[in-house]
Amino acid sequence: MRVGDRVAVRVEKSAQAVLLYIACVRLGAAFVPVNTAYSPGEVEYFLGDSRPRVAVVDPADLALLQPVAKRAAVEHLVTLGADGGGSLMDLAQHSDPIRESERNVGPESLAAIVYTSGTTGRSKGAMLTRANLASNAAVLAESWRFTARTFCCMFCRCFTYMACSRPSTRCWLRGQGWC
């Protein structure tokens with residue numbers, strides 16, 4: 001993984017999926033959530049449009065999505081199960097950590113690409129910077145009156161804008177608890 005790499009993620013909701021999102025943000029990678037209900041053809045569109053270097057899928061979907069990822073020129077297709085199993089965890093254990101000095105990310109660095117619903121045509125990728133996510137999280141924390149003692153418990157699908165940007169980012173920025 002390198003700063004600026006895009007990581008498409010099509011996995012079921014789990015603590016591991018949230019940790020993967022946080023890892024992408026901390027590494028300076030762009031998180032690209034993909035709805036688990038999308039067909040292989042729809043997934044191919046999102047992979048082709050977002051051009052991720054890495055795609056993370058549920059182990060049960062690997063055989064189905066391998067040809068899709070290949071056609072979309074995804075360099076690395078790895079798996080992550082809701083139980084934490086899969087090739088991503090094996091790869092992470094054998095990878096060199098990125099040094100803080102190698103992470104050249106600022107507020108205008110790309111943090112996520114979240115796709116619109118496509119109600120007026122083809123879904124479009126909204127490119128969100130780290131500053132966008134921080135601003136959205138700050139507004140939400142203020143309007144929901146989060147404090148240092150707030151424990152945020154959200155149950156959203158991991159491909160939704162709400163799940164991948166607002167509460168989890170704000171809680172992570174403040175060091176608060178979440179589930």
Side-chain angles (χ1 to χ4, degrees), residues 1-38 42-43 45-47 49-58 80 82 84 88 92 98-179:
M1 287 283 295
R2 293 185 298 262
V3 170
D5 282 344
R6 295 169 182 195
V7 180
V9 179
R10 185 183 184 265
V11 298
E12 293 297 330
K13 64 181 176 183
S14 67
Q16 287 73 22
V18 174
L19 292 172
L20 177 57
Y21 162 70
I22 292 171
C24 287
V25 172
R26 291 196 63 187
L27 290 170
F31 186 81
V32 184
V34 179
N35 189 329
T36 55
Y38 287 150
E42 291 168 313
V43 171
Y45 166 74
F46 292 111
L47 295 180
D49 187 66
S50 64
R51 300 180 321 277
R53 181 168 183 231
V54 177
V56 183
V57 301
D58 190 282
L80 178 64
L88 176 63
I98 295 177
R99 292 181 184 87
E100 191 70 30
S101 61
E102 295 171 346
R103 291 185 335 120
N104 186 19
V105 295
E108 297 309 313
S109 298
L110 182 63
I113 302 174
V114 182
Y115 280 84
T116 64
S117 63
T119 54
T120 61
R122 199 72 146 143
S123 294
K124 295 165 191 67
M127 300 176 88
L128 304 175
T129 65
R130 295 168 67 84
N132 292 141
L133 296 184
S135 175
N136 288 344
V139 167
L140 184 67
E142 183 178 327
S143 65
W144 282 4
R145 298 185 178 136
F146 284 3
T147 69
R149 298 178 53 89
T150 299
F151 185 88
C152 179
C153 191
M154 295 289 296
F155 296 94
C156 298
R157 307 236 5 137
C158 288
F159 56 81
T160 65
Y161 175 69
M162 188 71 167
C164 83
S165 73
R166 291 181 179 201
S168 53
T169 301
R170 186 60 180 176
C171 292
W172 170 67
L173 289 171
R174 282 192 162 178
Q176 296 165 320
W178 51 266
C179 66

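Counting begins at 1 with the first residue of the sequence.
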Can you give me every donor-acceptor pair (side chain of residues 110-127, partner residue at least two apart or in another chain, under 3.5 Å) with its distance?
residue : atom : partner : partner atom : Å
Tyr115  : OH   : Asp49   : OD2          : 2.6
Tyr115  : OH   : Ser50   : N            : 3.4
Thr116  : OG1  : Lys124  : N            : 2.9
Ser123  : OG   : Thr116  : O            : 3.1
Lys124  : NZ   : Arg122  : O            : 3.1

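Smallest separation of non-hydrogen atoms from Leu47 and Ala55: CD2-CB, 4.5 Å. Among all heavy-atom pairs drawn from Leu80 and Val11, the shortest one is O-CG1, 3.5 Å.
Between the CZ atom in Arg10 and the CG atom in Asn35 there is a gap of 8.0 Å [rounded to 0.5 Å]. Taking CG from Leu128 and OG from Ser135, the interatomic distance works out to 11.0 Å, rounded to the nearest 0.5 Å.
The closest side-chain heavy-atom distance from Val7 to Phe31 is not below 4.5 Å. Val105 has its side chain out of reach of Val25: every pair of non-hydrogen atoms, C-beta onward, lies at least 4.5 Å apart. Here the side chains of Arg51 and Arg6 are in contact, with some heavy-atom distance below 4.5 Å.
With sequence neighbours excluded, the residues forming a side-chain contact (heavy atoms from CB on, under 4.5 Å) with Ala82 are Ser14, listed by chain and number. Arg53 is linked by a salt bridge (Lys or Arg N to Asp or Glu O under 4.0 Å) to Asp5, Glu75, counting only residues two or more places apart in sequence or in another chain.
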Would Asn132 and Thr129 count as a side-chain hydrogen bond (donor to acceptor under 3.5 Å, both in side chains) if you check the C-alpha gap in whole Å, the side-chain angles of each, and the deciding distance to 0.1 Å?
-> CA-CA 5 Å; Asn132 292 141; Thr129 65; 3.1 Å; yes
Would you sort out whether Leu20 and Val56 count as a side-chain contact (heavy atoms from CB on, under 4.5 Å), showing the intermediate values?
-> CA-CA 10 Å; Leu20 177 57; Val56 183; 4.0 Å; yes
